[in-house]
Participant: 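I'd like to ask you about the structure that follows.
Note that the structure is predicted; figures quoted are calculated from it, not measured. Counting convention: from 1, in listed order, for ligands and their atoms alike. If you read the sequence from its start, that first residue is 1, and numbering goes on from there.
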Amino acid sequence: MSRHQSCLVLNAGSSSLKFAVLRRDEATEDLHQVLNGQIAGIGTDARFEARDANRRVVAQRRWSAEDSQRRPALLEYLLAWLGQALPEDRIVAAGHRVVHGGRGFSRPVRVTPEVLAELQALVPLAPLHQPHNLAPMRALAASHPELPQVACFDTAFHAELPWVASTYALPQELSYEGVQRYGFHGLSYEYVSQRLAALRPELANARVVVCHLGNGSSLAAVHAGRGVDTTMGFTALDGVPMGTRSGSLDPGVLLYLMREKGMGADALEDLLYRRSGLLGVSGVSSDMRALEQSTDPAARRAIELFCFRVAKEVAAMAGSMGGIDALVFTAGIGENSPGVRAEVCSRLGWMGLAIDDYANGRSALEISADDSVVPVFVLPTNEEKMIALHTLAVLAASAPNGREADEGQPCSTARTPATC
Ligand code: AMP
């Protein structure tokens, strides 16, 4: 039986392991997602759920509190389940989302023991995420050493930021040791920029501001497909307010909290990452949809603050490029909230930007009014697909004659992982 070539994409967080399987269409060479899902509640009450391409739930399962702590066993369960669920697929590689590539990793890379050691050294730059991203790589390397793995970085898209965009006005020695703007959400920016160029080839060399607005939010200035500025910085705290993250604030606020409230690093981390943003301002929810449905005036204030800050950063990103030729909204809020898009754009009328209410209400591909000086788009992001594309490309490039994906020793999902 000839089987489909597929790529497993893993996005591991502190308490969740998100996954997707993308299958290569032999006729078009394009990749299509056949399954996705997650194991949530890892460490406490692990729950597995998988959905098919039509978003129908196809499997669910729960674990005891004790079993919920066995991370490698949960990963093995996922692989075994995939083997049964996709008997016609051969998983030829696993692609991992990795939050930080530091200065060294400016493109996706095949995972080796040396690469793992270098990524481990970057943990201090992203202590909340990086260790969790690396854990499944180690587990897979131990249990399935024949399965090629590729690390794809959220920072890589911003690796060529001009120095004026990446440098903080701090003493040089801190810059030398890596205290600088890195930027995140790079896989989303890359995907969206490529989609825009495919859909509107006349914008391939344009100055585009992309607003990735989700639970985590940031903006990027993208010129001819390359990142030239972005709102997130050394960490994913910087920039616009997010679901529970503060976004930028005067660093003097931290000094005040330390001196006057006796707050240490852990308390500040909790405040800035988990109790601020939309949740902190509204006191209602971190979730934009819930805020839009709320009648609480504080929920409305949180939305207004969010839109104000996003609009201000659109202008800042345009300034970094000396102009703007297109504006793109993506991610959960950007793709689904006509209200936020309308409010952000109405603050940018001075730029000659105007949206069409009907197109915006339907979240059409192009939502700008006919007389808008700048076209405005809504483009669904697909970080999983970007990771799978990178993973298969790295695999092909690192193979003799570019044929590794065909001739290597792929992990067969038709067999149990123990025999892959
Ligand atoms: P993400 O992190 O990209 O999954 O985005 C999550 C955010 O998108 C949450 O704040 C959601 O409330 C928001 N979101 C998703 N769907 C909608 C919707 N239909 N209207 C408003 N916000 C939405």
Participant: Report, in ascending order of atom number, the atoms of ligand 1 lying under 4.0 Å from any heavy atom of Ser337.
Facilitator: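 So the atoms of ligand 1 that pass are 21 (C).
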Participant: Check for a donor-acceptor pair, side chain of Ser68 on one end and backbone N or O of Ala46 on the other, with a separation under 3.5 Å.
Facilitator: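 Checking the backbone N and O of Ala46 against the side chain of Ser68, a donor-acceptor pair under 3.5 Å is found.
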Participant: Would a distance-only check, ignoring hydrogens and angles, find a side-chain to backbone donor-acceptor pair under 3.5 Å from Thr391 to Ala94?
Facilitator: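 Judged by distance alone, no pair lies under 3.5 Å.
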Participant: Show the numbers, then the answer: is there a ring pair (Phe, Tyr, Trp, His ring centres under 6.0 Å) between Tyr182 and His158?
Facilitator: CA-CA 7 Å; Tyr182 289 99; His158 310 289; over 10 Å; no
Participant: Using a 4.0 Å cutoff against the non-hydrogen atoms of Glu292, which atoms of ligand 1 qualify?
Facilitator: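 Checking each atom against Glu292, I get 20 (N), 21 (C).
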Participant: Start with the C-alpha distance between His100 and Phe184, add both sets of side-chain angles, then the distance that settles ring pair (Phe, Tyr, Trp, His ring centres under 6.0 Å), and finish with yes or no.
Facilitator: CA-CA 8 Å; His100 222 301; Phe184 299 88; 5.5 Å; yes
Participant: Could you check whether any side-chain N or O of Arg181 sits under 3.5 Å from a backbone N or O of Met232, counting only pairs where one atom can act as donor and the other as acceptor?
Facilitator: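 At least one qualifying donor-acceptor pair exists.
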Participant: What is the closest protein heavy atom to atom 18 (C) of ligand 1, and at what distance does it sit?
Facilitator: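 The protein heavy atom lying closest is Asn336 CB, 3.4 Å.
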Participant: Who's the nearest protein heavy-atom neighbour of atom 15 (C) of ligand 1, and how far?
Facilitator: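 Its nearest protein heavy-atom neighbour is Gly332 O, 3.7 Å.
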Participant: Run down the list Asp287, Ile333, Asn215 and name the one with the heavy atom closest to atom 12 (O) of ligand 1.
Facilitator: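 Of the listed residues, Asp287 has the closest heavy atom.
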Participant: Considering only heavy atoms of Ala331, which atoms of ligand 1 have at least one such atom less than 4.0 Å away?
Facilitator: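 So the answer, numbered in order with elements, is 3 (O).
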Participant: In ligand 1, which numbered atoms sit nearer than 4.0 Å to a non-hydrogen atom of Gly214?
Facilitator: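 Within the 4.0 Å cut-off of Gly214, ligand 1 contributes 1 (P), 2 (O), 3 (O), 5 (O).
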Participant: Among all the protein's non-hydrogen atoms, which is closest to atom 22 (N) of ligand 1, and how far away is it?
Facilitator: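 Sorting protein heavy atoms by distance from atom 22 (N) of ligand 1 puts Arg289 N, 3.6 Å first.
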Participant: Flag Leu213 as yes when one of its N or O atoms lies below 3.5 Å from any N or O atom of ligand 1, and as no otherwise.
Facilitator: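 No.
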Participant: Centres of the Phe377 and Phe329 rings: under 6.0 Å?
Facilitator: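 Ring-ring flag for Phe377/Phe329: false, centres at least 6.0 Å apart.
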Participant: Look at atom 10 (O) of ligand 1 and say which protein heavy atom is nearest, naming residue and atom and giving the distance to 0.1 Å.
Facilitator: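 Its nearest protein heavy-atom neighbour is Met288 N, 3.0 Å.
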Participant: Can Glu384 and Arg97 be counted as an ion pair, charged N to O under 4.0 angstrom?
Facilitator: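 Arg97 and Glu384: not salt-bridged.
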